Number of protein chains: 2
Amino acid sequence: MTMKKAPEELRFAAMAVDAVIFGIVDKKLHVLVQNVNRPPHYANMPGFPGGLIEKTETAEDAVERHLTDKVHLSGIHLEQLYTFSDIDRDRRNRVISVGYIGCVTPEVVTQYSFDDAHWLPVSKIKKFAYDHDEMYQMALARLRGKLSYTTIAQFLLSKEFTLTQLQEVYEVILKTELDKRNFRKKILALDIIKETGRMQEGVKNRPAALYAFKSKSIKELPPIV
Amino acid sequence: MTMKKAPEELRFAAMAVDAVIFGIVDKKLHVLVQNVNRPPHYANMPGFPGGLIEKTETAEDAVERHLTDKVHLSGIHLEQLYTFSDIDRDRRNRVISVGYIGCVTPEVVTQYSFDDAHWLPVSKIKKFAYDHDEMYQMALARLRGKLSYTTIAQFLLSKEFTLTQLQEVYEVILKTELDKRNFRKKILALDIIKETGRMQEGVKNRPAALYAFKSKSIKELPPIV
DNA sequence: GCAAAAGTGTTAGGTATACACCCATGC
DNA sequence: GCATGGGTGTATACCTAACACTTTTGC
């Protein structure tokens, strides 16, 4: 590879990051959006949080920094999605953006309140700013894929959860109904979750047993669904 | 998202692409490498072909251009792998690189001859320049994953191939032995390949029937292996 | 005729699916 | 006592995995 020292004229593009953050509440999938108001091209449309990468940080650093600064989210599960480099993806400037997927627990969605950012149920999605429509489609496809062969579901649930809640994560994202008995058999056979010994409280029906994932980190699995 | 017009100081990084190109010949997986000689950090080590992204092109455009110009490969299957943004990944400059995976047919590997580029059997890999060790590991993991649930194998075979050759693609990359009868049953049941009616020629044993993929484009499948 | 790879079915075990009722709790 | 969701087992169909011999060709 004959790489020259990058001359000034080649450092033309701004590098950015954007994050598609998913959360489930009330059996509905939501994404975190901010209002974008950059007329004439992008006037009052939702867009995903993000921002430029700085000289002293990696893309991962940048996405964490922007999420903390702009929408007050930190410590969430993030993974790289895809890099978007179409010339006109931001019609104002040439910006190449590294897209990320994030997942948060239901409490984060419920308790969240910050400025111009809000949780949009995916059923109400219309048109995003920039190329964020494409980014959303890729993020959702990736989330669906990963759900089936990894433990990514753990980041969409509280630390302790019922088996029904776990099942609902799959049903909501994959848009299918699953058989309760078969789902439990399969999940328990995988040996990835454990009973905590505690029970649900404050429900007006029979309280469910609470479970937790054995590992805090994402694992690969044989296909679940 | 409050994105400012990117000031000069934010356009610090050079954007590059690199490609990990795989090919199988003689039941061995190979990757295409070029010699990198950039002392003191990278002295006579193999590295993957690539180069900078220019103002007027996307990352996809750039990787195609560099492969054509530098190693005389064009029209091959390429897909985006991951974006590498570690501050010191190129110890000479800050360069963020979009990594790609590529696949070529056995003829390309066999007939190939160009300057300082050559096909390295993966069993002989030692140390790559830059962060290309990490890039290689991710590329191989991705190739293994995709092999099982897509038709990516088609890009590692000639247009017409025998069922044994197809099986060998799986065996070489997944490092497993597969049962011939079961493999054939499974592949044929997927309805992704068709008999061409032609037979192998010039072999000193019983000639095998030649098959071709029904579609030229990559498809998703239920898991094969 | 012999070396080399092609081609071809069956069986057994395991996995996935379909399915319905009783239980514990709050009100 | 009733409404709500929690929790549990079995039978069947399907799929997967294991396994060996005959065929065709070149030399």
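All chains are named by letter (A, B, ...) in the order of the sequence lines, taking the proteins before the strands, and each is independently numbered beginning at 1. Just so it is clear, the structure is predicted and the values come from calculations on it, not from any experiment.
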### Query
Is K186(A) near enough to dT17(C) that one of its side-chain N or O atoms lies under 4.0 angstrom from OP1 or OP2?
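For dT17(C), OP1 or OP2 has a side-chain N or O of K186(A) closer than 4.0 Å.
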
Whole angstroms only, please: what is the [atom1]-[atom2] distance between [X] and [N]?
X: R184(B); N: dA6(C); atom1: CZ; atom2: P; value: 7 Å
X: L163(B); N: dG7(C); atom1: CG; atom2: C1'; value: 10 Å
X: F183(B); N: dG7(C); atom1: CZ; atom2: P; value: 13 Å
X: Q167(B); N: dA5(C); atom1: CD; atom2: P; value: 14 Å

### Query
On DNA chain D, which is the earliest and which the latest nucleotide, 5' to 3', with an atom closer than 4.0 Å to a heavy atom of chain A?
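Endpoints of the contacted stretch of DNA chain D: dT4(D) to dT10(D).
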
### V122(A), V25(A), I21(A), I24(A) screened by side-chain contact (heavy atoms from CB on, under 4.5 Å) with H30(A), the one that passes
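The side-chain contact (heavy atoms from CB on, under 4.5 Å) with H30(A) is passed solely by V25(A) among V122(A), V25(A), I21(A), I24(A).
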
### Query
What about the rings of F84(A) and Y82(A), do their centers lie closer together than 6.0 Å?
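Ring centroids of F84(A) and Y82(A) are less than 6.0 Å from each other.
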
### Message
Could you check, using the six-membered ring where one of them is a Trp, whether F213(B) and F161(B) have ring centers closer than 6.0 angstrom?
### Response
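Ring centroids of F213(B) and F161(B) are less than 6.0 Å from each other.
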
Using distance alone, with no hydrogens and no angle criterion, decide if [X] and [Y] have a side-chain donor and acceptor under 3.5 Å apart.
X: E79(B); Y: H77(B); answer: yes
X: S215(B); Y: S217(B); answer: yes
X: E107(A); Y: T105(A); answer: yes

### Query
In terms of the nearest nucleotide of DNA chain D, which residue is placed more toward the 5' end: P223(B) or M199(B)?
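Looking at DNA chain D, the more 5' nearest nucleotide goes with P223(B).
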
### Message
Counting neighbours of NZ on K216(A) that are heavy atoms of other residues, nucleotides or ligands and sit closer than 6.0 Å, is the number greater than 12?
### Response
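Open.
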
### Message
At under 4.0 Å between heavy atoms, how does the protein contact nucleotides 18-27 of chain C? Give one character per nucleotide, 5' to 3', with B, S or -.
### Response
BBB--BBBS-

### Query
NA contact type, T164(A), heavy-atom cut-off 4.0 Å: base, sugar-phosphate, or nothing?
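The residue T164(A) makes sugar-phosphate contact but no base contact.
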
### Message
So V169(A) and L147(A), do their side chains get closer than 4.5 Å, heavy atoms only?
### Response
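Yes - at least one pair of side-chain heavy atoms lies under 4.5 Å apart.
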
